[in-house]
Amino acid sequence: MENKIVEKSSPLSSGNIAVQVDDLTVAYNYKPVLWDIDLEIPEGVLMAIVGPNGAGKSTLIKAILGILKPIAGSVSIYGKPYDEQRKLVAYVPQKGSVDWDFPTTALDVVMMGTYGSLGWIKRPGQKEKKAALEALEKVGMLPFKGRQISQLSGGQQQRIFLARALVQDASIYFMDEPFQGVDATTEVAIINILKDLRKAGKTVIVVHHDLQTVPEYFDWVTFLNVKKIATGPVKDIFNDDNLTKTYGINYKVSIQE
Amino acid sequence: MNSAQIEIQLIASLVAIACAIPGTFLVLRKMAMISDAISHSILPGLVIGFFITQDLNSPLLILLAALTGIITVVLVERIQKTGLVKEDTAIGLVFPALFSIGVILIAKNANDIHLDVDAVLLGELAFAPFDRLIIAGADIGPKSLWVIGTILAITIGLLIAFFKELKISTFDAGLAASLGFSPALIHYGLMTMASITTVGAFDAVGAILVVALMIAPAASAYLLTTDLKKMLGLAIAFGVFSAISGYWLAHWLDASIAGSITTMLGILFLIIYLFAPNKGLIAVMYREKQQRTEVSLLTFLLHLKNHSEERERHVNHLQEHINWQKVRAKTVLDLALKNNMILINNKIVSLTQKGDEFTSKAIDYIITNEDAQIEDMKDDFFLFRG
Ligand SMILES: Nc1ncnc2c1ncn2[C@@H]1O[C@H](COP(=O)(O)OP(=O)(O)OP(=O)(O)O)[C@@H](O)[C@H]1O
Ligand SMILES: [Mg+2]
């Protein structure tokens with residue numbers, strides 16, 4: 001099955017499995033929105049999760065990160081439960097999941113990325129601030145560090161959340177639609193940062209809606225619609241057949257490259 | 001000022017601080033109503049606690065009553081989770097039920113309990129100094145001062161220890177959860193503290209003032225700052241200010257202290273709501289008016305840039321052709337002149353170098369929405385302030 005393909009034809013992967021999901025079922029109010037998901041994500045891939053609205057993409061990420069409790073199944077990060085591996089994982093939530101009017105600045109939001117490594121009670125200091133400023137610099141948002149976050153444009157907000165994930169200095173990054181509502185320039189800036197992360201050996205998992213750009217941006221892809229449709233290298237499985245199975249209509253995506 | 005007066009003001013101020021701290025987070029979590037619910041539904045807890053302890057200031061009674069507060073929160077969440085009703089409806093269902101249980105308990109045992117509903121709701125700060133705490137024969141001050149002082153010390157301790165956890169779980173519960181800070185734990189911790197504060201303060205100031213002190217100072221502070229620490233500081237300052245000025249208002253009017261403090265809180269909020277520099281009503285209205293004028297200005301400058309014919313650039317053309325009223329046309333012309341963007345020669349308007357550059361830059365900004373290049377224009381023009 002796909003899992004075998006993964007192991008054999010993965011030139012990028014070191015053979016380690018970064019994220020393993022077994023028989024995962026997640027429900028809201030007892031109505032399952034993810035059914036029996038099995039998924040192996042090899043270390044070092046830049047992976048897109050694609051699927052229609054309501055397919056359960058955000059839910060999958062939240063369940064992997066322990067934000068939602070699954071009704072069945074298990075998740076492991078480098079072979080251990082998430083709880084033990086928190087520090088290896090960073091997360092950029094889907095836009096709109098925070099209170100934009102909250103009294104906090106761009107810099108402060110990025111600093112929150114350091115809270116995980118600090119643990120309970122300990123407060124951030126100069127070291128954390130420096131890391132946050134560097135991350136802001138990397139996403140080109142340094143001039144806006146003092147802005148209240150609702151006074152940033154959508155794309156700028158997205159960059160702030162990316163910076164917050166960068167500052168976590170994790171091994172695995174989960175990003176829920178980081179390209180939502182950003183212009184072409186920002187999209188390029190973000191994808192370059194993601195590619196840099198992969199180059200540094202990190203695993204990056206991105207919920208993505210623009211099917212046209214999948215082959216250009218990603219090397220790995222998972223098709224999801226309540227069930228897992230397929231997962232594997234883009235060049236092997238990103239085809240009309242899987243797209244049709246996922247989206248339910250006849251898809252014709254001409255694959256470049 | 002005699003010592004009773006000082007003690008009353010001290011108690012009121014400590015209550016104000018103890019309320020402003022959880023209140024700030026309740027306001028940010030959009031949970032103002034829940035404090036109202038807690039303040040009413042602690043009544044049955046108080047009555048039962050009073051049966052057991054026979055002492056309104058006993059720590060056990062405070063814990064029992066606070067427990068009713070937590071039960072309220074849990075019940076509200078349970079009802080809400082069924083998806084049948086919204087949160088406010090759930091609150092409206094839970095607290096009258098619990099409150100009326102308390103009222104019935106009091107009525108049934110009127111002979112044994114020296115507790116009346118009015119006292120619970122309104123409190124009587126003026127009597128607080130008469131109930132003294134005597135240890136080993138020595139009078140060490142009013143009991144309520146010690147009760148609220150202890151609660152305040154715990155609140156401040158928790159705030160300092162868990163400030164970062166409170167902040168992140170309020171702002172982004174998802175991130176907090178993924179980083180291992182249990183948002184549920186923090187949520188119930190905050191609710192417990194709010195309940196304990198409400199119970200500890202009700203005896204002195206009454207449940208209604210507790211709600212007012214939790215919500216009004218935080219809501220006022222929210223309008224003034226974009227920094228959480230400053231918001232906390234301002235909320236505390238507003239609470240203490242209202243407590244003390246309310247006390248003197250009551251003294252002067254010979255009215256209820258709790259009522260006067262609540263009045264001061266209301267007045268303070270109203271003033272800030274109207275006059276806050278950025279989020280205040282007047283500032284918002286002024287800004288909108290400015291923006292309208294500036295959009296007109298830009299339209300006008302653009303018109304000048306696009307037309308070289310004199311007919312199109314005559315002063316009166318503004319009224320006749322662009323179809324602006326006299327006042328608006330004059331405002332726009334004045335604004336442009338003041339900023340050296342136009343010259344008027346024989347009633348013919350032309351763009352200056354500066355006006356020409358400004359127009360190009362502004363149009364560029366509006367199209368690309370790139371902030372960097374117009375940072376310097378922002379101070380002159382509201383239009384470009386996000
Ligand atoms: N808090 C919730 N309570 C109940 N149902 C929910 C909740 N969140 C999501 N759902 C439902 O679960 C399903 C999956 O939602 P999810 O947010 O994971 O989809 P998604 O694939 O991320 O969609 P999108 O592309 O729109 O972001 C949807 O049918 C949605 O209505
Ligand atoms: Mg989603």
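First the proteins, then the strands, lettered A, B, ... as listed; each starts at 1.
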Residue pair B:Met214 / B:Leu26, side-chain heavy-atom distance below 4.5 Å
yes
Chain B heavy atoms under 4.5 Å from A:Asp101: which part of the residue, side chain, backbone, both or neither?
both
Between B:Lys30, B:Lys167, B:Lys229, which residue shows the highest count of heavy-atom pairs closer than 4.5 Å to chain A?
B:Lys167
Looking only at side chains, do B:Ser169 and B:Arg29 share a donor and an acceptor under 3.5 Å apart?
yes
Please classify the contact between B:Asp227 and chain A as side chain, backbone, both or neither, with a heavy-atom cut-off of under 4.5 Å.
backbone
Backbone N or O of A:Gln151 within a donor-acceptor pair of the A:Arg147 side chain at under 3.5 Å?
yes
Does either side chain, that of A:Glu177 or that of A:His209, offer a donor lying less than 3.5 Å from an acceptor on the other one?
yes
Among the listed options A:Pro93, A:Gly119, A:Gly113, the residue most often paired with chain B at heavy-atom distances under 4.5 Å:
A:Gly119
Toward chain A, the part of B:Phe163 with a non-hydrogen atom under 4.5 Å
neither
Scan side-chain atoms only and decide if A:Thr105 and A:Asp108 contain a donor-acceptor pair under the 3.5 Å cut-off.
no
Is there a ring pair (Phe, Tyr, Trp, His ring centres under 6.0 Å) between A:Phe102 and B:Phe171 once you walk through the steps?
CA-CA 7 Å; A:Phe102 194 84; B:Phe171 173 62; 5.3 Å; yes
Pick one of side chain, backbone, both or neither for B:Thr225, based on which atoms fall under 4.5 Å of a heavy atom in chain A.
backbone
What residues form a side-chain hydrogen bond (donor to acceptor under 3.5 Å, both in side chains) with B:Thr155, not counting sequence neighbours?
none
Identify which part of A:Val89 has an atom lying under 4.5 Å from any heavy atom of chain B, answering side chain, backbone, both or neither.
neither
Residue A:Ile149 versus chain B: region with a heavy atom under 4.5 Å
side chain
Hey, are the side chains of A:Tyr173 and A:Leu194 touching, using non-hydrogen atoms and a 4.5 Å cut-off?
no
Using non-hydrogen atoms and a 4.5 Å limit, figure out which bit of B:Phe162 sits close to chain A: side chain, backbone, both or neither.
side chain
Which region of B:Ile186, side chain (C-beta onward) or backbone (N, CA, C, O), has a non-hydrogen atom less than 4.5 Å from a non-hydrogen atom of chain A, or is it both or neither?
side chain
So, do A:Thr203 and A:Val19 sit near enough that their side-chain heavy atoms are less than 4.5 Å apart?
no
Applying a strict 4.5 Å limit to non-hydrogen atoms, the region of A:Phe161 in contact with chain B is side chain
For B:Lys81, is it the side chain, the backbone, both or neither that has a heavy atom under 4.5 Å from a heavy atom of chain A?
backbone
Part of A:Tyr82 within contact of chain B (heavy atom distance under 4.5 Å)
side chain
Between the side chains of A:Gln168 and A:Tyr91, does any donor sit under 3.5 Å from an acceptor?
no
If you count heavy-atom pairs under 4.5 Å between each of A:Gln148, A:Arg164, A:Lys87, A:Met111 and chain B, which one has the most?
A:Arg164
Which answer fits B:Thr170, side chain, backbone, both or neither, if we ask what part of it has an atom under 4.5 Å from a heavy atom of chain A?
both
With chain B, which of A:Ser150, A:Gly66, A:Gly116 has the greatest number of heavy-atom pairs at distances under 4.5 Å?
A:Gly116
